[in-house]
Engineer: 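Pasting in a structure now, in C-alpha cells, and then I'll have a few things to ask.
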Amino acid sequence: MGVLIFSLVIYLNLPKPILSIILHLNCSNPNETTGSERIVHSQGHGFHGDCHYTINLSKKKKTVKELIKKIFFLTIFKFCYQHQHSARLHWMYCGSQSDHLHVTFATHVKRFTDTNFCSDVSPFICSFIPCVISMQPKWARLAYVEAQGELKVPFKDALPTREEQLSTLRNTEVFDVLVVGGGATGSGCALDAVTRNLKTALVERSDFSSGTSSRSTKLIHGGVRYLQKAIMKLDYEQYMMVKEALHERANLLNIAPHLSAPLPIMLPVYKWWQLPYYWAGIKMYDLVAGSQCLKSSYVLSKSKALELFPMLKKDKLVGAIVYYDGQHNDARMNLAIALTAARHGAAIANYTEVVHLLKKPDPKTGQEKVCGAHCRDIITGQEFDVRARCVINATGPFTDSLRKMDNQKTANICQPSAGVHIVIPGYYSPDNMGLLDPATSDGRVIFFLPWEKMTVAGTTDTPTEVTAHPIPVEDDINFILSEVRNYLSPDVEVRRGDVLAAWSGIRPLVTDPNSKDTQSICRNHIVNISDSGLITIAGGKWTTYRSMAEETLDAAIKAHNLSAGPSRTVGLMLDGGKDWTPTLYIRLVQDYGLENEVAQHLAATYGGRAFEVAKMAKVTGKRWPIVGKRLVSEFPYIESEVQYAVKEYACTAIDVIARRTRLGFLNVQAADEALPRIVEIMGNELQWTEQKKKEELEAAKKYLHLEMGYKARSEQLSKTTEISLTAPEIARYKKRFYKFDKESKGFITTVDVQQVLEKLSIQIDENALHEILNEVDLNKNGQVELDEFLQLMSAVQRGQISDSRLAILMKTVEEGLDLRGPVSVDRSGGGV
C-alpha cells in the first residue's frame, strides 16, 4: 500500500521562540535525521522556526482508524498542555517519507526565555505522550535544540561610551554593513545585521529617534482604517500590510513588555446601522490577527460605554465597540532597539553626519560602487571615513538627500506629510481606555488616547516640506480640538489653553521608483537598490520596523554577497525587557526607598535596568522618599535619570527632555522649569564650560518654544489685541491689579508682587516669581502693564489660556487679603 498522507493545518503565524523541543516517537529507523536538522529544514518550508514537537508515526501503524485515534489523543494532549503551561499550540503537516508520516504541532510560550521551560515540559511530555498514544517509552527520545542558537552579547553589562564607539568607527578597516539613520527602521536594520554576525555600524546626524520615530501616535497597530480600505477596494497589498503589522505588533509587545502594553480603544456609535457595520469590521481585524489577537473585541451598551468613558457625549449615543491594539513609549522603544544593537556589538554613534558617500570602481565591471561614507562628529567637528561593503539608507523623510549624494540625477521618491498631535490633561480621558473617531469632518481619523497619565490627540495629515525641525501649526491644533469637542460631553469644556504640548512629525510616504506610475504613493514600504549598490528602505509603519529591517538585510546580503544566516530578531528581547516583571517596581520601593509613582515609572521606562538608575539616585534628606529627587514636582522623573541618560548616549539637554525622558512631549512649561537643573547635571557629567551650559539652555528653550508648541501656546496671549471683557469685569480686574500696584504706576514688577506676598506670609523664590511675570510680559520689559493683565484675563475667560500662574496667584492673594480685612483698632490696644 502507498503511504497514507494525513494533513490537518491551522496556520497561525506564531512568533519564533528561542527553545525548540523535538520529540521523536520512532521505532523503525534510529539513524534518522536529527531534530536540529529538521528544524532547519522546516524553516526552509515556511515554518519560521516555531517551536516544534515532531511526532513521526511509523508506516506500520497505517490504518486510518488507528491514525485518527492517535491524532485524537494528540489533540487531547494539545489542550491539556495549553491549560498547564499557558501556551498556544497548532498542527502543521510536515511532509512524508517512505517510512514515516510527520505531524507537527508548534507552540508559542509567552516567557520563552525562561530557563526552566525545558525542565518543566520534559517530564510532562515523557509521561503523558506514551500513555495516550500507547507507545512504549523506549521509542521516545527527547532533544533540546536552540532554534536561534546562542547569541553573543559582548556588552551585556556596560555599554561602550560614545567616544569608544567613535573610535571603533574610525579604526575598523571595513564593516559589513553601515546603516545611515538612527530612527526605528535604521536601528532595526543595525540590530538585524549584528545578530546575523555581520560587522555593523550605524551613524545618525542628530539623536536616536529625534525625527518621526519619537513623534508618532504612540500606537503599535495593524491599522483598522487600512483594513477597511483593503476590504472596500479589494486591495490585497493593504490587506497583507495589515496582516504583517499585526504579526509585528504581537512580537513587539513580547520583546519589550516594559515599554508596551495592550490598550482598549472605544469606537462610539451614534447611528444604529453603524453598529453591525463597525462590529463586522472590527471582528475582521481580530480574525486577521488570528492567534495573535490581543483580546477579543466586544460591543457595549450605551450605559456601559458611559460608565467606562464618562466624558463621552451622551446625546444620540447608541452604543460602542471596544477593540485592542498596542501602545508604547516610541522614543524609548527606538532607543531600546539601538542600545540592544550596541550591546550585541554594533558600533553606533549619534550626532555623526554623513558628509558624502565613498565610492570605488567595481573590479569586474568598472562601475562606481558605494563603499562607505565620509562622516563628521558634530560634537567635536572631527571628520573620518567609515568603510563598509554595504551602505543602507534608512533616513526617513531625508531619504532623497542621501540618494542624491549617490546620484544627483535620481528622482525624488519621498512625499512628506505632516502629522500634528497635541497633549492635554489626563482628566480628558479614562486611565485605560482610548477613543477612535473613525470619520472626522474632513474624512480623517483621530485617536484620543491616554499616555503617560496625560491624553494624546491626533493626528492630522497635510503635505509639508522636509525639515529637521517641524513646527506644529495653530490651524491643525484647533482642528484636533474641534474634533475632540464633537465626541465629548458638553459638560467638558475643551479649552485651547489646556494644550500642554504640541508637536509635528513628518511621515515619509514614498512612491515606488520601480513602478511605471511613479506618481502613485506606495502604501507600504519599499526596498530599492541603486546602480551603485546603495540600499534604500523607505516608507512603512513604526509597527513594522522589524520586518522592514529583515527584508532590507535580506536584499543587502543578496546584492552584496555577504555571508550571513537568516534574521534572528523575532523574539529577541530588547534592552531592559528580559528581566522585567509587572511587580518589579515593588522591589525598587522596598530596596531603595523610592516613591511608588517613581518606581513604577522607572520600571516602565528602563525595565530590568531600572536598578542601575535607582543606584545612582541621591538621598533626599527626607523621611520619605529616601532617594530620588524629582526634576519637577508633578512628574516622576528624577535627577539620576539625567546621569543615566549620558550613559545612553545623550549629548544635549534636548536629548533628555525629549527622548530619554518625555517631559518635553508632556508639558512644555514643566520641561522649561526642569531645564536649569538638567543642564547643571549634564554639565557635571560631560565637563561643560559655563558658556556651553548657557548655549545648551538656550537651545533647549528654543526647541520647546518652536517644536513642542510653547510658541503656539504663548501666542494665544500675544495675539489677543482686543480685550473682550464687560465693564463690570474690567472694573473687577482693575481692582485686583491695583492691590499689587499700590502706587498706581500702571504696571507691576516682581518687587510689587513680593511685597504683597510678604503680608500674607507667602514665600516664593525670586527666580520663580520672575518666570511667572515673564509669561505675561509681552513686550519683555521686566514689568506687567495693566493692559497686559487685562489681555491675560480676557484670554483666560475665553479658554485660550489656562493654568496661568500669575492669574491664579493674583486671584488667590486678593481672596486672602479680603479675608484678612482691616486690623481692628480695639484689638491693637484702642489707640491713645
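Just so you know, residue 1 is the first one in the sequence shown, and it goes up from there.
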Engineer: Could you check Met573, His258, Arg609 and say which one makes a side chain to side chain contact (heavy atoms under 4.5 Å, CB included) with Trp580?
Structural biologist: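 Considering Met573, His258, Arg609, a side chain to side chain contact (heavy atoms under 4.5 Å, CB included) with Trp580 is found only for His258.
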Engineer: Please determine whether a side-chain nitrogen of the Lys or Arg among Glu696 and Lys692 lies less than 4.0 Å from a carboxylate oxygen of the Asp or Glu.
Structural biologist: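 Lys692 and Glu696: salt-bridged.
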Engineer: If I take atom CG from residue Leu666 and atom CZ from residue Phe635, how far apart are they, to the nearest 0.5 angstrom?
Structural biologist: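 So the CG of Leu666 and the CZ of Phe635 are separated by 5.0 Å.
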Engineer: Could you measure the distance from the CD1 atom of Ile477 to the CH2 atom of Trp503? Nearest 0.5 Å is fine.
Structural biologist: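 Between atom CD1 of Ile477 and atom CH2 of Trp503 there are 11.0 Å.
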Engineer: Would you call Glu639 and Lys629 a salt bridge, using N to O less than 4.0 angstrom?
Structural biologist: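 Here Glu639 does not pair with Lys629 in a salt bridge, since their nearest N and O are not under 4.0 Å apart.
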Engineer: By ring pair (Phe, Tyr, Trp, His ring centres under 6.0 Å), which residues pair with Phe208, not counting sequence neighbours?
Structural biologist: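 Ring pair (Phe, Tyr, Trp, His ring centres under 6.0 Å) check on Phe208 returns nothing, list empty.
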Engineer: Exactly one of Thr750, Val751, Asp752 should register a side chain to side chain contact (heavy atoms under 4.5 Å, CB included) with Ile748. Which one does?
Structural biologist: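 Among the candidates, only Asp752 passes.
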Engineer: Is it true that Glu595 and Lys622 have a side-chain N and a carboxylate O under 4.0 angstrom from each other?
Structural biologist: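 A salt bridge is absent here (no side-chain N lies under 4.0 Å from a carboxylate O).
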Engineer: Using residues 333-348 as the side-chain source, report each donor-acceptor pair under 3.5 Å to any protein atom, sequence neighbours left out, with the distance given to one decimal.
Structural biologist:
unit_1, atom_1, unit_2, atom_2, d
Asn334, OD1, Ala184, N, 3.0
Asn334, OD1, Ser209, OG, 3.3
Asn334, ND2, Gly182, O, 3.4
Asn334, ND2, Gly183, O, 3.3
Asn334, ND2, Ser187, OG, 3.2
Thr340, OG1, Ala336, O, 2.5
Thr340, OG1, Asp575, N, 2.8
Arg343, NE, Asp575, OD1, 2.7
Arg343, NH1, Phe155, O, 3.0
Arg343, NH1, Lys156, O, 3.3
His344, ND1, Thr340, O, 2.8

Engineer: Taking side-chain hydrogen bond (donor to acceptor under 3.5 Å, both in side chains) as the definition, give me every residue that meets it alongside Glu641, ordered by chain and number, with sequence neighbours left out.
Structural biologist: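 Scan of Glu641 (side-chain hydrogen bond (donor to acceptor under 3.5 Å, both in side chains), adjacent residues dropped) gives His601, Tyr606.
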Engineer: Under a 4.0 Å threshold between the charged nitrogen and the carboxylate oxygen, would Arg332 count as salt-bridged to Glu648?
Structural biologist: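 Salt bridge: yes.
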Engineer: Listed by chain and number, what are the ring pair (Phe, Tyr, Trp, His ring centres under 6.0 Å) partners of His469, not counting sequence neighbours?
Structural biologist: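 By the ring pair (Phe, Tyr, Trp, His ring centres under 6.0 Å) rule, His469 matches no residue at all.
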Engineer: Report yes or no: is the cationic atom of Lys218 (NZ for Lys, CZ for Arg) under 6.0 Å from the centre of the six-membered ring of Trp451, at an angle within 45° of the ring normal?
Structural biologist: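 Output yes; distance and angle both within limits.
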Engineer: Under the side-chain hydrogen bond (donor to acceptor under 3.5 Å, both in side chains) test, which residues partner Gln382, sequence neighbours left out?
Structural biologist: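 Expected list: Arg170.
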Engineer: Should Lys615 and Glu612 count as an ion pair when the cut-off is N to O under 4.0 Å?
Structural biologist: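 No, this pair does not count.
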Engineer: Nearest 0.5 Å, what's the CZ-OG distance between Phe665 and Ser214?
Structural biologist: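 Here the interatomic distance stands at 4.0 Å.
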Engineer: Could you tell me whether Arg662 and Glu452 have a side-chain N and a carboxylate O separated by less than 4.0 Å?
Structural biologist: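 Glu452 and Arg662: not salt-bridged.
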Engineer: Who passes side-chain hydrogen bond (donor to acceptor under 3.5 Å, both in side chains) against Thr217, sequence neighbours left out?
Structural biologist: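 For Thr217, the residues satisfying side-chain hydrogen bond (donor to acceptor under 3.5 Å, both in side chains) (neighbours in sequence not counted) are His421.
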